[in-house]
Amino acid sequence: MVIKPSLPKGTRDFGPDSMVKREYITSVIKDVFGKYGFRPIETPAMENLQTLTGKYGEEGDRLIFKILNSGDFIKKSDAKAFAEEDSSAFGNSVSEKALRYDLTVPFARFVVQHQNDLTFPFKRYQIQPVWRADRPQKGRFREFYQCDADVVGSNSLMLELDFIRIYDEVFKTLKVPAAIHINNRKILAGLAEVLGITERLTEFTVILDKLDKIGEEGLRKDFAKNNFAPAVADGLFAILNAGSNVDKLVAIKNTLGASSLAMEGLEELNFVFAQADSLNLKNDLVLDISLARGLDYYTGAIFEVKPKGVSIGSIGGGGRYDDLTGIFGMKDLPGIGISFGLDRIQLVMEDLELFPQMEGSRVDVMFVNFGKEEALYSLKLANELRDQGVKVEVYPDGAKMKKQMDYANKANIPHVILIGSQEIAAENFVLKKMEDGTQLNLSRIELFEYFSNNNSTQHGH
RNA sequence: GUGGUUGUAGCUCAGUUGGUUAGAGCGCCUGAUUGUGGUUCAGGAGGUCGUGGGUUCGAGACCCAUCUUCCACCCCA
């Protein structure tokens with residue numbers, strides 16, 4: 001029986017053209033991370049299920065891919081839960097492992113587990129796929145890559161500044177126009193405190209987060225529908241409707257002065273914006289009080305990056321967390337980190353046609369194969385050219401010339417070298433430029449000179 | 001998880017109110033051109049119409065299920 005080739009929902013293959021683009025993006029991100037002192041780690045695709053559950057909120061837990069136990073898992077399964085059709089409890093009884101949902105929680109586990117080998121503050125970056133059982137859409141996949149940088153073991157606001165600049169530098173280098181949104185969970189918590197809705201903070205922020213979709217009108221309606229007093233919206237919009245970042249900071253002070261927590265958050269934001277000028281940013285830094293972010297563990301600054309001119313959601317996010325490692329038994333270890341969404345950045349860059357010509361990956365010259373002896377003669381020359389750093393192919397089969405030329409043409413190989421028995425006898429080779437069809441008769445020395453001078457080739461990254 | 005949408009040749013898509021051997025363009029292969037690609041001309045191959053059921057004398061078209069695609073919600077990178 002033949003099985004039709006197909007892929008699970010929300011996953012993709014990446015062909016060579018796509019991979020060249022992806023490697024370009026990750027190389028830029030790695031370079032920038034490196035410049036700020038981050039070094040790479042990797043963690044396994046799967047974690048123990050209990051490492052992941054409870055870290056991402058109720059919605060997040062539902063989206064974790066669980067891995068079915070091996071062996072005789074039915075005997076150990078929860079028959080009662082099965083009979084009661086309790087999928088969640090039954091699932092946990094037949095699954096002990098799960099695919100990672102993000103890179104931050106596995107990192108927290110890593111830090112606690114290797115704490116004796118690490119010096120703090122510890123900075124790492126990590127570029128690996130993560131998996132979510134979400135329903136796919138454009139820019140939304142079940143397997144996608146995150147590029148994370150985090151530092152744990154420091155409370156310093158210098159790090160907020162570093163991460164803002166990292167975002168800016170990456171998107172500047174990639175030429176992606178972006179707006180870096182920043183908020184602070186303490187402001188949101190303080191706002192809730194002042195409005196007397198502390199115990200409904202999560203519910204409040206979920207509605208608040210919809211602002212850019214439904215606008216002020218819609219937001220007021222939603223608040224009313226969920227039984228928030230009109231004063232709630234009034235207090236909120238007193239800040240939101242202030243003009244510039246500075247105006248908003250003033251509005252926060254006037255509106256939320258009664259909350260010491262909010263003032264703590266304000267102090268942090270004041271520091272960031274006071275220093276922002278000296279960061280020499282190319283992209284916009286926007287104080288956005290409506291930015292909430294779902295992940296449960298954030299406690300201070302929160303970030304989100306949105307591309308300009310493409311609607312695809314955020315292409316980066318992150319924030320500060322005071323106690324991510326506490327759950328693994330390591331208290332008082334604050335951290336902060338950000339993430340880049342590789343797949344979405346690729347989509348944005350394709351939409352905006354921002355990829356440069358990737359000639360660095362292209363073959364420079366192909367030897368036409370005229371038969372066994374000629375090909376072996378060509379191979380020797382090819383290897384000498386390779387030793388000089390030229391990218392060379394020898395056509396592997398003695399196929400028809402037309403087919404070989406066609407191959408070179410389609411692969412966009414700029415030069416072809418023809419070596420038949422005549423050329424071998426004369427030690428004079430025919431070099432053909434594919435672009436205009438012109439041909440040169442070159443001696444061995446001239447050939448090497450051609451590729452060392454005319455290195456149209458070596459613009460690697 | 002909720003609601004909707006999509007699936008016909010390698011690719012992009014036609015295919016009338018169910019009616020005989022399912023089409024086009026591009027691509028692919030062969031030849032014109034046995035040591036020269038991109039142009040042109042001639043010829044050719046390639047489809048169990050996503051899959052499984054059902055209705056019907058008859059289904060690519062209608063019904064059900066399922067998978068897949070994309071979209072809105074939810075959530076997020």
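What you are looking at is a predicted structure, and each value in this text was computed from that prediction instead of being measured. Proteins get letters first, then strands, A, B, ... in listed order; numbering begins at 1 in each.
- Of the candidates A77(B), C70(B), U69(B), U69(B) carries the atom nearest the Lys9(A) side chain, counting heavy atoms from C-beta on.
- Within the 4.0 angstrom heavy-atom criterion, no nucleotide atom of any strand lies near Lys306(A).
- Across all strands, Val416(A) comes closer than 4.0 Å to no nucleic acid atom at all (heavy-atom distances).
- Counting to the nearest Å, the C1' atom of A77(B) and the CZ atom of Phe340(A) are 12 Å from each other.
- Nucleotide A65(B): paired with U51(B) (Watson-Crick or G-U wobble, both distances less than 3.5 Å).
- Looking at heavy-atom distances under 4.0 Å, Tyr407(A) makes no contact with the nucleic acid at all.
- Nucleic acid contact class of Gln137(A) (heavy atoms, under 4.0 Å, all strands): base.
- One P atom belongs to A42(B), the other to G50(B), and the distance between them is 33 Å to the nearest Å.
- Rounded to a whole angstrom, the distance from the P atom of C49(B) to that of G10(B) is 13 Å.
- When the C1' atom is compared between G46(B) and A24(B), the two are found 15 Å apart, to the nearest whole Å.
- Counted by atom type alone, Glu393(A) and Tyr407(A) present one or more donor-acceptor pairs between their side chains at under 3.5 Å.
- Comment: Glu427(A) does not engage Arg444(A) in a salt bridge, judged by the lack of any side-chain N to carboxylate O separation of less than 4.0 angstrom.
- For the C1' atoms, the distance linking A59(B) with A22(B) amounts to 13 Å, nearest Å.
- In this structure, Leu7(A) places its CG atom 21 Å from P of G7(B), rounding to the nearest Å.
- A gap of 30 Å separates the C1' atoms of C11(B) and A77(B), to the nearest Å.
- Rounded to an integer number of Å, the gap from NZ of Lys138(A) to P of C70(B) is 8 Å.
- Across the protein-nucleic acid pair, Tyr298(A) atom OH and C75(B) atom P stand 16 Å apart, rounded to whole Å.
- At whole-Å resolution of the value, OH in Tyr101(A) and C1' in C76(B) are 6 Å apart.
- Between U16(B) and U6(B), the distance separating the two P atoms is 15 Å to the nearest Å.
- Closest non-hydrogen pair, Val305(A) versus Phe171(A), comes out as CG1-CE1, 3.6 Å.
- Both distances falling under 3.5 Å, in either a Watson-Crick or a G-U wobble arrangement, occur for no nucleotide opposite U39(B).
- Separating the CD1 atom of Ile302(A) from the P atom of C76(B) is a distance of 11 Å, rounded to the nearest angstrom.
- For Ser421(A) and Glu373(A), the side-chain atoms include no donor-acceptor pair closer than 3.5 Å.
- When all heavy atoms of Leu347(A) and Gly139(A) are compared, the closest pair comes out as CD1-CA, 3.5 Å.
- Whole-Å rounding puts the Phe141(A) CZ to U69(B) C1' distance at 12 Å.
- Pairing for C74(B) is absent, judged as Watson-Crick or G-U wobble with the two contacts each under 3.5 Å.
- Of all the heavy atoms in Leu174(A) and Tyr24(A), the pair that sits closest is CD2-CE2, 3.8 Å.
- Taking the six-membered ring where the residue is Trp, Phe223(A) and Phe204(A) present parallel rings, their angle staying beneath 30° rather than reaching 60°.
- Although no hydrogens or angles enter the test, the distance criterion places no donor-acceptor pair under 3.5 Å between the side chain of Asp343(A) and the main chain of Arg140(A).
- The residue Gly318(A) sits apart from the nucleic acid: no heavy atom pair falls under 4.0 Å.
- Between A14(B) and G7(B), the distance separating the two C1' atoms is 15 Å to the nearest Å.
- In this pair, Phe33(A) and Phe38(A) present their aromatic rings tilted. The plane angle is within the 30 to 60° band.
- Pair assignment for C26(B): G10(B), on the basis of Watson-Crick or G-U wobble contacts that are both within less than 3.5 Å.
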Using a cut-off of 4.0 Å between protein heavy atoms and nucleotide atoms, how would you tag nucleotides 1-6 of chain B 5' to 3' with B, S and -?
BBB---
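- A gap of 37 Å separates the C1' atoms of C64(B) and C26(B), to the nearest Å.
- At a threshold of 4.0 angstrom between heavy atoms, the contacts of Gly139(A) include nucleobase atoms, whether or not backbone atoms are also involved.
- Under 3.5 Å, the side chains of Asn183(A) and Tyr298(A) contain no donor-acceptor pair of N or O atoms.
- Remark: side-chain polar atoms of Arg109(A) are not paired, donor with acceptor, to backbone N or O of Phe328(A) under 3.5 angstrom.
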At under 4.0 Å between heavy atoms, how does the protein contact nucleotides 28-41 of chain B? Give one character per nucleotide, 5' to 3', with B, S or -.
S--S---BBBB---
